[in-house]
Amino acid sequence: MGRLVMKFGGTSVADIERIRNVARHVKREIDAGHDIAVIVSAMSGATNQLVEWCREASVLHDAREYDAVVATGEQVTSGLLAIALQSIGVNARSWQGWQLPIATSDAHAAARILDVNGEELTKRFETRKEVAVICGFQGVHQASGRITTLGRGGSDTSAVAVAAAIRAERCDIYTDVDGIYTTDPRVVPKARRLDKIAFEEMLEMASLGAKVMQVRSIELGMVHQVRIFVRSSFDAPDAIDPRATPPGTLICDEAEIMEQQVVTGIAFIRRVQDKPGVAASIFGPLSEANINVDMIVQNVSGDGATTDLTFTVPAADYDRAKDTIAKARTQIGYERLDGATDVAKISVIGIGMRSHAGVAANAFRALAERGINIRAITTSEIKFSLLIDEAFTELAVRTLHSLYGLDK
Ligand code: ASP
Ligand code: MG
């Protein structure tokens, strides 16, 4: 049997009992003959607490020290899991980012992984059958020797990067849901779990608000062709047959998906709209303020001199975005700045759209029949997004979910 990466999120390592449970999941795969690298998150809530302490100490804190503080959550769980594994007779050793090392850029709090050295790990698989328990979320900037972190949710990215480095046959993401669904099951009870989803589709879903995995981890998986399997950590470890296919969703290459659905999923997010009358120069200040902008719509101007520009930002950044644009008013030279927070963005995703006409037209008709007004539309090759009034979010998502046959 080959190598596996097993990643456990915060809820799966929330206390000692759950860490013992994780140890049993690991032992099952070891007994089946796999070599294992485990990636752990901090105990659920731990990172939030650490972030909060930094803010309390000083609102404008040094990002290097922020990283020194928030990286500690994973240090605790990696050591505890190694102890739990040893106590059930599994040879295990914990690893912090700097020890492998996991080399990153120096963008503290949002560092990018540059390289993972998996040499020592693979040597120990062979000579000692030793499980590596690796801190997710953290790395090291080698020139300065400082600890870095990868941004919230970053341990998913650590897991995929380690899987690529040790050429694992699969990267299992154990989490509190048992896979990727066609849409949010809390809104659409008929939402279904997907057996497989293509990297491109998952990338769109994750960018559009499906919170299962960090966006960067999917990008990395796509680039390095790491097969990622999202599965539940709450299934009894000993009831699982390591040779059978457990419930979950495989994120993989398009070529691995035989039967293609035109539409795979519907993601939605309640976002805000902003509408200055405009120039492209507005995006500079926004990116300097670290505000993510998407769904940019600009129309052809009527008078040849001025035009309107509409774009969306995350709700949490709305006030900052307005403020940034208002401050840059003289450089930009716009006439009016409008905004709204009562809007939602709904996206329909599927690689099958490349080869099917009329997918979007059907949606427009179905929404019109229900009196739902569309304020803005954007498209890509495998997705279209609609901005609508927030009050209609649930009706629109349910309507589209059954329109595309995802209810069955
Ligand atoms: N502990 C970090 C966070 O809460 C990283 C992770 O869990 O993926 O964001
Ligand atoms: Mg997570």
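Both ligands and their constituent atoms are indexed starting at 1 by order of listing. Just so you know, these numbers come straight off a predicted model, no measurement behind them.
- Considering each of M43, M213, E74, the one bringing a non-hydrogen atom nearest atom 1 (N) of ligand 1 is E74.
- Under a 4.0 angstrom heavy-atom cut-off, G10 registers as lying outside contact with ligand 1.
- Residues E119 and K123 are not paired through a salt bridge, judged by the lack of any N-O separation under 4.0 Å between the basic side chain and the carboxylate.
- Formation of a donor-acceptor pair under 3.5 Å by the Q142 side chain with backbone atoms of A103 is not found in this model.
- When atom types are taken as modelled, the side chain of D389 and the backbone of F392 share no donor-acceptor pair closer than 3.5 angstrom.
- Within the 4.0 Å heavy-atom cutoff, G73 does not count among the residues contacting ligand 1.
- Considering backbone and side-chain atoms alike, G153 places an N or O below 3.5 Å from some N or O of ligand 1.
- The protein non-hydrogen atom at the shortest distance from atom 6 (C) of ligand 1 is S155 OG, 3.0 Å.
- The protein non-hydrogen atom at the shortest distance from atom 7 (O) of ligand 1 is S41 OG, 3.0 Å.
- For an aromatic pair to be called close, the ring centres must be under 6.0 Å apart, and F311 with F283 satisfies this.
- Closest to atom 4 (O) of ligand 1, if we only count protein heavy atoms, is R152 NH2, 2.9 Å.
- The N/O atoms of D156, backbone and side chain alike, include none that comes under 3.5 Å of an N/O atom in ligand 1.
- Taking the six-membered ring where the residue is Trp, F364 and F384 present perpendicular rings, their angle passing 60° and hence far from 30°.
- Ring to ring, Y66 and H108 are not that close: their centroids are 6.0 angstrom or more apart.
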